[in-house]
Amino acid sequence: MAKADFDEIYTSPDPRRYYSTLSEHDYQIPAHSGAVFGQLADAFAAGPNSRVVDLCCSYGVNATVLKHDLEFDEIIRHYCDPPVDDLESAELLALDQEWYATHRRVDPTRVSGVDSSAPAISYATAAGILDAGFAEDLEGSDPSPALARELRDADLITVSGGIGYITDRTIDRVLRCARSPRLAVLCLRWVDFAPIVDAGAAHGLVTERLDEATFPQRRFADTEERLYVQHELDRLGVGQKGREEDGYHHTDLYLLRPEQEVLARPLDALIEPAGAIDDAGNRWSKTDEVDVSVFTSGQGLR
């Protein structure tokens, strides 16, 4: 058994294969991360424009929603539109430069992206999706001086779905650089997050988790992937009712930051988790109460 392998879609010269492949599985996590990370970035902004460093950013997918007045469904349709199939990559790039510039928000969030895929980073920066891009593998080496400067000044560091591809080694390296260390993560529920909690604790951070509200990522690619994920969830003692049993990957929202910030304003006071699924399998509504757990060690996570 194994999780489906989509590695090849991250190294194409443009994002069409990425979006067309994942859209077949109702890919939707950027819609949720754009909303949640945007609320957090605004809450932590030290100046008029919040500054985000997005890890495992691929083609700047989170930035497409954070920086632009576009719904994620519109971005999917843009790249899956039949006339776009016939364009050369250079033609698509020219189209995207104009399209994203037209839809850029007033005073947008500054988003810098980090990914090991040089083609993805190259396209996202050339198209203006990312303000800065870094094709670096932080599992194997420290951030470059330029990336270290971006991390130092970030209001928020983000990851959506990338934990597992990156580990506590990367998280330790980025937190070492941050002047105001805050890390927001949407992590697949079957991936053990305890090492990330411990990495944060080593830097004096506590971890909050939004409870009884998860965010769907995409449908399982096939039965083999579904069985693999269910096996991992069983191993971690995580219940699946109303979530993975309905055929979708689900993510938990975590926020790592200094304890004094948590005490002053807890996670549930910072966000409205629109799009989340509750324990009954229903979409979150503004009348719902949301619980938050706080962890200082990965030992108590489950």
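Just so it is clear, the values below take in all heavy atoms, side chains as well, and ignore hydrogens, waters and symmetry mates.
- Taking the six-membered ring for Trp and thresholds of 30 and 60 degrees, Y254 and F193 have nearly parallel ring planes, at less than 30 degrees apart.
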List the steps, then state whether side chain to side chain contact (heavy atoms under 4.5 Å, CB included) holds for T251 with R189.
-> CA-CA 5 Å; T251 62; R189 298 195 326 141; 5.6 Å; no
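- Linking Ile, Leu, Val, Met, Phe, Trp and Tyr residues whenever their side-chain heavy atoms come within less than 4.5 Å leaves I277 and V191 in two separate clusters.
- Between E71 and R77 there is no salt bridge, since no side-chain nitrogen of the basic residue lies less than 4.0 Å from a carboxylate oxygen of the acidic one.
- Note on I76: it does not cluster hydrophobically with Y248, by side-chain heavy-atom contacts below 4.5 Å among ILVMFWY residues.
- Dense packing is recorded around CD of E91, with more than 12 heavy atoms of other residues, nucleotides or ligands lying under 6.0 Å away.
- Screening E232, H231, H249 for a side-chain hydrogen bond (donor to acceptor under 3.5 Å, both in side chains) with W190, the sole residue that qualifies is H249.
- The cluster map of Ile, Leu, Val, Met, Phe, Trp and Tyr, joined by side-chain heavy atoms under 4.5 Å apart, puts V159 and L301 in the same cluster.
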List, one per line, each side-chain donor-acceptor pair under 3.5 Å for residues 179-187, sequence neighbours excluded.
unit_1, atom_1, unit_2, atom_2, d
R179, NH2, D153, OD1, 2.6
R182, NE, E261, OE1, 3.0
R182, NE, E261, OE2, 3.1
R182, NH1, D155, O, 2.9
R182, NH2, E261, OE2, 2.9

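- In terms of heavy atoms, L87 sits closest to R16 at O-NH1, 2.7 Å.
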Which donor-acceptor pairs under 3.5 Å do side chains of residues 49-56 form with protein atoms, sequence neighbours excluded?
unit_1, atom_1, unit_2, atom_2, d
N49, ND2, D107, O, 3.2
N49, ND2, P108, O, 3.2
S50, OG, T109, OG1, 3.0
D54, OD1, N62, ND2, 3.2
D54, OD1, T158, OG1, 2.7
D54, OD2, N62, ND2, 3.2

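- Under the side-chain contact (heavy atoms from CB on, under 4.5 Å) criterion, V206 pairs with E259, V262, V294, T296, sequence neighbours left out.
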